[in-house]
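A quick write-up on the structure given underneath.
Numbering starts at 1 and runs along the sequence shown.
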Amino acid sequence: MLIVIVDFEVAPQDRANTLATLREEAGTVRKLSGNLDYSVWTDPDHAGRLRLMHGWTDTPAFEAYKATEAFKAVGAVLFPKMVGKPSTQVHSVVQN
């Protein structure tokens with residue numbers, strides 16, 4: 001399993017619109033083959049800080065998502081709203 005975490009910040013006045021965009025995206029992503037989770041977290045102490053967590057069965061499933069028009073479209077909406085660069089972490093889950 002692959003876990004992808006994206007931390008980013010938007011201006012506080014862009015938070016509601018950004019969350020609406022991510023909710024809409026969640027409906028699309030959760031239907032994709034190989035998606036296990038898509039969740040958005042907010043920081044209770046800072047209105048503009050957000051965390052997006054994806055769970056995927058494997059790297060090819062995540063790469064297939066990144067090649068979709070939906071991924072490109074949400075990026076076109078989100079990137080201009082971001083304050084600074086996003087931080088992305090990709091982790092492989094080790095099963096015991």
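Met53 and Phe8 sit in two unconnected hydrophobic clusters of ILVMFWY residues. Membership requires side-chain heavy atoms under 4.5 Å apart, directly or through other members. Residues Val74 and Phe62 fall within the same hydrophobic cluster, defined by Ile, Leu, Val, Met, Phe, Trp and Tyr side chains chained together at heavy-atom separations under 4.5 Å. Residues Met1 and Val6 are members of separate hydrophobic clusters, defined by side-chain heavy-atom contacts under 4.5 angstrom among Ile, Leu, Val, Met, Phe, Trp and Tyr.
The backbone N or O of Ala47 lies less than 3.5 Å from a partner atom in the side chain of Arg15, making a donor-acceptor pair.
Taken to the nearest 0.5 Å, the CH2 atom of Trp41 stands 10.0 Å off from the CG atom of Asp7. In this structure, CZ on Arg23 lies 10.5 Å from OG1 on Thr18, to the nearest 0.5 angstrom.
A 4.5 Å side-chain heavy-atom check between Leu2 and Asp58 finds every atom pair outside the cut-off. Put simply, the side chain of Ile5 does not reach to within 4.5 Å of the side chain of Leu52, judged on heavy atoms. Residues Glu9 and His46 are in side-chain contact: their nearest non-hydrogen atoms beyond the backbone lie under 4.5 Å apart. Put simply, the side chain of Asn35 reaches to within 4.5 Å of the side chain of Trp56, judged on heavy atoms.
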What donor-acceptor contacts under 3.5 angstrom involve side-chain atoms of residues 76-92, with partners at least two apart or in another chain?
residue: Lys81; atom: NZ; partner: Asn17; partner atom: OD1; Å: 2.5
residue: Gln89; atom: OE1; partner: His91; partner atom: NE2; Å: 2.9

Candidate pair Thr42 and Leu19, rule side-chain contact (heavy atoms from CB on, under 4.5 Å), full reasoning: CA-CA 9 Å; Thr42 59; Leu19 290 172; 4.0 Å; yes

Check against side-chain contact (heavy atoms from CB on, under 4.5 Å), Leu50 and Asp43: CA-CA 6 Å; Leu50 302 169; Asp43 183 333; over 6 Å; no

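Evaluation of the ring pair (Phe, Tyr, Trp, His ring centres under 6.0 Å) test over residues 10-40, restricted to residues two or more places apart or in two chains, returns Tyr38-His54.
Ile3 and Gly55 get closest at one heavy-atom pair: CD1-CA, 4.1 Å. Taking each heavy atom of Tyr65 and Glu25 in turn, the nearest pair found is OH-OE2, 2.8 Å.
Heavy-atom neighbours of Glu24 CD from other residues, nucleotides or ligands within 6.0 Å: at or below the threshold of 12.
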